[in-house]
Amino acid sequence: MSEFRYELIKECKDTGARLGKIHTKRGVINTPIFMPVGTQATVKSLSSEDLVEMDANVILGNTYHLYLRPGQEIMDKAGGIHKFMNWNRPVLTDSGGFQVFSLNDLRKITEEGVEFISHLDGSRHFMTPEKAIDMQNSIGADIIMCFDECAPAGADYEYTKKSMEMTTRWARRCKDAHKRPEDQALFGIVQGGMFADLRAQSVQELTDIGFPGYSIGGLSVGEPKDVMYRMLDATTPLLPKDKPRYLMGVGSLDALFEGTIRGIDMFDCVLQSRIARNGTAFTSHGKVVVRNATYKEDFTPVDPECDCFVCRNYTRAYIRHLIKTNEILGARLLTYHNLYFTLVTMKKIRQAIMDDNLLAYKEAFFEKFGIAE
RNA sequence: GGGAGAAUGCCCGAGUGGCUAAAGGGGGCGGACUGUAAAUCCGUUGACGACGUCUACGAUGGUUCGAAACCAUCUUCUCCCA
């Protein structure tokens, strides 16, 4: 029997926010949670020890990228991603569905699956729902995703409906192909673009199939934020309360609050780690572009209110210097801080739900943080 | 002492009569970044109140309708022969 289970601890009185626990073989995940993204079995620039130290609980890996490198055989021989990267906490893998979207010019979609042209060497690969699951069985993540088509924001109704219905058929194939349901929770992915009725249809069909958790995909793909929030409003109330909801790829600070308020339990985002590498920090007082000349002689911490090891020991001036000189330590320090800051914010959000003052906390947060980035 | 060559915008470096305020790269400055094709990408980078003017390609003086480009002299630098 699977140990995977969602426990709803408390529902917010004023909003749709939920405080919960996801029980997995590798430990308990307190939700709502932010999951750092480690596409190629590494959160870029950080070690697994760093992630433990900052108290990250779940991290992501990516099926498509790990399938290309190091490849399925190595993942098998390594005994799965946990051993491979020395990380014994939960891992969630995306199926490669996002690459159907992001590698737009390098793939062809058919009912059977997706033909990718490798961005690495131009070689052709045919990814199917079955293969995506098989690969995820080899990677061995605790939570895995159905292979889906993530349609672009501009897709019209007709295309979006067909795409969503195919994603549903793929979801069934994924469930059928899954060989380790006892220790890998397979999530279905809700699609339906920017159309509320299609979102509802997607939820209905996926819940009919039945999954231990539900992801909401196809958002934050170029649409305005209010549209995304409207789609969440049209989706989460329809999802079963006893299963976790995962909003895929979303994680700007405002979206973490707004998503939580709309009943999302899990978030992941590359934004924190990517902008870190590009010289920007999220702080209590908003976005700080450490790279900018303003901070050349700023010998204060990245975020004076943060107690991460970066903020306790290093200055903006130093990190700016590292970024300007293209030293890898700069990327590492900012990545560490950005993720730490986000994880702490999520911890405070959980506490606020517990204390029945989520809306007040949100208001206080953005009063300092400023307008959402 | 003799001979050859070079001097370009913050730096390197194209450019041998008008289309050159001057390619390209670097550096500087700024912006973007949301299930990672990203330590990436984009913009900008002589001055001044704008498709206008001014100052600019070592210096000075010429040739020409017009010069960063041609000529003369000077200055500095590099290389070769003694």
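Each chain gets a letter, A, B and so on, in the order the sequences are listed, and its residues count up from 1.
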Distance test, side-chain N/O of A:Gln272 to OP1/OP2 of B:U34, below 4.0 Å
no

Looking only at side-chain atoms of A:Val250, point me to the closest of B:A38, B:A32, B:U34.
B:U34

Taking only the side-chain nitrogens and oxygens of A:Ser252, find out if one of them lies under 4.0 Å from OP1 or OP2 of B:U34.
no

Taking the side chain of A:Val270 as heavy atoms from C-beta outward, which of B:G31, B:G30, B:U34 is closest to it?
B:U34

C1' atoms of B:U16 and B:A22, separation to the nearest Å
14 Å

A:Ile189 CD1 to A:Ile216 CD1 distance, which is reported to the nearest 0.5 Å
11.0 Å

Check every atom of B:A39, B:G35, B:C29 against the side chain of A:Asp148 and return the nucleotide holding the closest atom.
B:G35

Measure from the side-chain heavy atoms of A:Arg291 and tell me the nearest of B:U34, B:A32, B:C29.
B:A32

Integer angstrom distance from the C1' of B:U63 to that of B:G49:
39 Å

Shortest non-hydrogen pair, A:Tyr64 vs A:Ile117, comes out as OH-O, 4.1 Å

Within this structure, what is the CG-to-P distance between A:Leu271 and B:A39, rounded to whole angstrom?
15 Å

Checking contacts here: which listed nucleotide (B:G31, B:G35, B:C29) is nearest the side-chain heavy atoms of A:Tyr246?
B:G35

Pairs where residues 163-172 of chain A contributes a residue and the test salt bridge (Lys or Arg N to Asp or Glu O under 4.0 Å) is met, not counting sequence neighbours:
A:Glu111-A:Arg169, A:Lys161-A:Glu165

Supply the atom-to-atom distance A:Leu253 CG to A:Thr283 OG1, rounded to the nearest 0.5 angstrom.
9.5 Å

Considering only side-chain heavy atoms of A:Asn278, which listed nucleotide, B:G30, B:A39, B:U36, is closest?
B:A39

